[in-house]
2 protein chains.
Amino acid sequence: MKVSTKSRYGVAAMLDIAQHCNDGPVALRNVAERQQVSEHYLEQLMSSLRNAGYVRSIRGAQGGYVLAKDPATITVGDIVRAMEGPIAPVDCLLAEKGPANPYCGKSEQCVRRNIWLKMGESIASALDSISLASLCTDLQPSKEVEERGEQV
Amino acid sequence: MKVSTKSRYGVAAMLDIAQHCNDGPVALRNVAERQQVSEHYLEQLMSSLRNAGYVRSIRGAQGGYVLAKDPATITVGDIVRAMEGPIAPVDCLLAEKGPANPYCGKSEQCVRRNIWLKMGESIASALDSISLASLCTDLQPSKEVEERGEQV
DNA sequence: TCTTATTCCGAGTAATTTAATCGGATTTAC
DNA sequence: GTAAATCCGATTAAATTACTCGGAATAAGA
């Protein structure tokens, strides 16, 4: 029940890019340095985020990544789904309901299925309620402190 | 972000025991058969549940497991925690807050930590809201149908 | 007392998933 | 032309999960 590094690094990278978007495209090398993660590994993650339409990449020298959407419209849930696929604590939630379901076939009557359904919904609702934009404003105060040269 | 088989089987076993508690101690052999899981594997899970105080075991022939508490006071969250430890999507939530935290040291000021904190809290709240007793009553209607000989 | 049914326990292993790593191709600013 | 980037696919290493196995201890019932 841990969140994978994909999701954690993905969120960290998106937040990093959002924070530095005023200085032009953000190169992965810098993200990797600031967030202390492997640049090569980040590459993989970014390709998922790009395919999902959350960032746009600019190749070549001075290139990098920029947000492809308003940060207010990108949620942590979106990022997690881009990194890991649908939020579903058990596989039977993904199969279509009814007799075709290869798992138990009982679909929504299954009380155990409903446990994990509820769990998944509450995770999604929590993560979807957090936008990149809100994370950036939460980060703002400490950034000001930092600019004054104080220790964080 | 999948739930482990430990948690799934653990919940299934507890529910099975709760349902069959009127017929005396419930042997794992029967649970394993009904739930279609390895008896040996279940053994391991039951020892966690016993140590956590949710079931009591009776050894020897005609032995088995019985609930150690009122099913209304046992939640799915309790079972999951017994199987997997604290519900914490990231490890830094487990470390004590403040400078001693070996992860980022920033404790509650860390915006990313707060994401996963919120996620963990919403999982816990969802799972803690479901008691074994409520699952049993949800299961009741289909049981009646079953007893009338209808197909479930 | 013997047999059988059961829990208990710890060690070992197989399978899967996660988390990277690596090498090189492609693109573009300067 | 060169350096700084992204892009892409393959491979590998590490960790976790999901079991399996063998046998000891316990207790009921004949």
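Since the structure is predicted, the reported quantities are computational estimates derived from the model, not experimental observations. All heavy atoms count here, side chains included; hydrogens, waters and symmetry mates do not. Each chain gets a letter, A, B and so on, in the order the sequences are listed, and its residues count up from 1.
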Just to confirm, is there a sub-4.0 Å distance from OP1 or OP2 of dT21(C) to any side-chain nitrogen or oxygen of Ser38(A)?
yes
Ser4(A) has its side chain closest, among dA19(C), dC8(D), dT20(D), to dA19(C)
For the residue pair Ile130(B) and Ala126(B), what are the closest heavy atoms and their distance?
CG1-O, 3.6 Å
Is a side-chain donor or acceptor of Ser7(B) paired with a backbone partner of Ser4(B) at a separation under 3.5 angstrom?
no
Is there a donor-acceptor pair under 3.5 Å between the side chain of Lys2(A) and the backbone N or O of Asp91(B)?
no
Whole-Å distance separating the CD atom of Glu39(A) from the C1' atom of dG23(C)
14 Å
Base, sugar-phosphate alone, or nothing: which one does Arg50(B) contact when heavy atoms must sit under 4.0 Å apart?
sugar-phosphate
Scan residues 61-69 of chain A against DNA chain D and write down, sorted by residue number, each residue with any heavy atom closer than 4.0 Å; if none is found, say none.
Ala61(A), Gly64(A), Tyr65(A)
Considering only side-chain heavy atoms of Glu43(A), which listed nucleotide, dA19(C), dT7(C), dT6(D), is closest?
dT6(D)
Do the side chain of Asp78(B) and the main chain of Thr75(B) share a donor and acceptor less than 3.5 angstrom apart?
yes
State whether the distance check finds a donor on one side and an acceptor on the other, under 3.5 Å, for side chain Arg59(B) versus base dT26(D).
no
Which pairs of donor and acceptor atoms, one on a side chain in residues 20-27 of chain B, lie under 3.5 Å apart (sequence neighbours left out)?
residue: His20(B); atom: ND1; partner: Asp16(B); partner atom: O; Å: 2.8
residue: His20(B); atom: ND1; partner: Asp16(B); partner atom: OD1; Å: 3.3

Quick check: on DNA chain C, is the nucleotide nearest Val3(A) upstream (toward 5') of the one nearest Ala27(B), or the reverse? Name the residue that is more 5'.
Ala27(B)
Using whole Å, what does the distance between atom C1' of nucleotide dC19(D) and atom CE of Met83(B) come to?
14 Å
Between P on dT16(D) and NZ on Lys6(A), what's the gap in Å once rounded to a whole number?
17 Å
Tell me whether Arg81(A) is salt-bridged to Asp128(A), with the criterion being a basic N under 4.0 Å from an acidic carboxylate O.
yes
Taking all heavy atoms of Ile87(B) and all of Ala124(B), pick out the closest pair and write down the distance.
CD1-CA, 4.1 Å
A quick test of your reading: do over 12 heavy atoms of other residues, nucleotides or ligands sit less than 6.0 Å from CZ of Arg34(A)?
yes
Distance-only polar pair, side chains of Tyr41(B) and Thr5(B), donor-acceptor under 3.5 Å:
yes
Nearest-Å distance, CE (Met1(B)) to P (dT17(C))?
16 Å
Side-chain N,O (Thr5(A)) to OP1/OP2 (dA20(C)) below 4.0 Å
yes
If you only use heavy atoms from C-beta on, which nucleotide in dC21(D), dA20(C), dG24(C) is closest to the side chain of His40(A)?
dG24(C)
Is any side-chain N or O of Tyr41(B) closer than 4.0 Å to OP1 or OP2 of dT17(D)?
no
Taking only N and O in the side chain of Arg29(A), is any of them less than 4.0 Å away from OP1 or OP2 of dA4(D)?
no
Write down the protein N/O and nucleotide N/O pairs, taken from nucleotides 10-15 of chain D, whose separation is under 3.5 Å; answer none if there are no such pairs.
none

Separation of dT18(C) C1' from Lys2(B) NZ (nearest whole Å)
14 Å
Rounded to the Å, how far apart are Asp23(B) CG and dT6(C) P?
14 Å
Assess whether side-chain hydrogen bond (donor to acceptor under 3.5 Å, both in side chains) is satisfied between Ser129(B) and Lys118(A), documenting all intermediate values.
CA-CA 10 Å; Ser129(B) 76; Lys118(A) 183 171 181 178; 3.0 Å; yes
Ile58(A) CD1 - dT26(C) C1' separation (whole Å):
16 Å
Counting only side-chain nitrogens and oxygens, does Ser57(B) get under 4.0 Å of the OP1 or OP2 atom of dT6(C)?
no
Rounding to a whole Å, what distance do you find between Glu33(A):CD and dA5(D):P?
11 Å
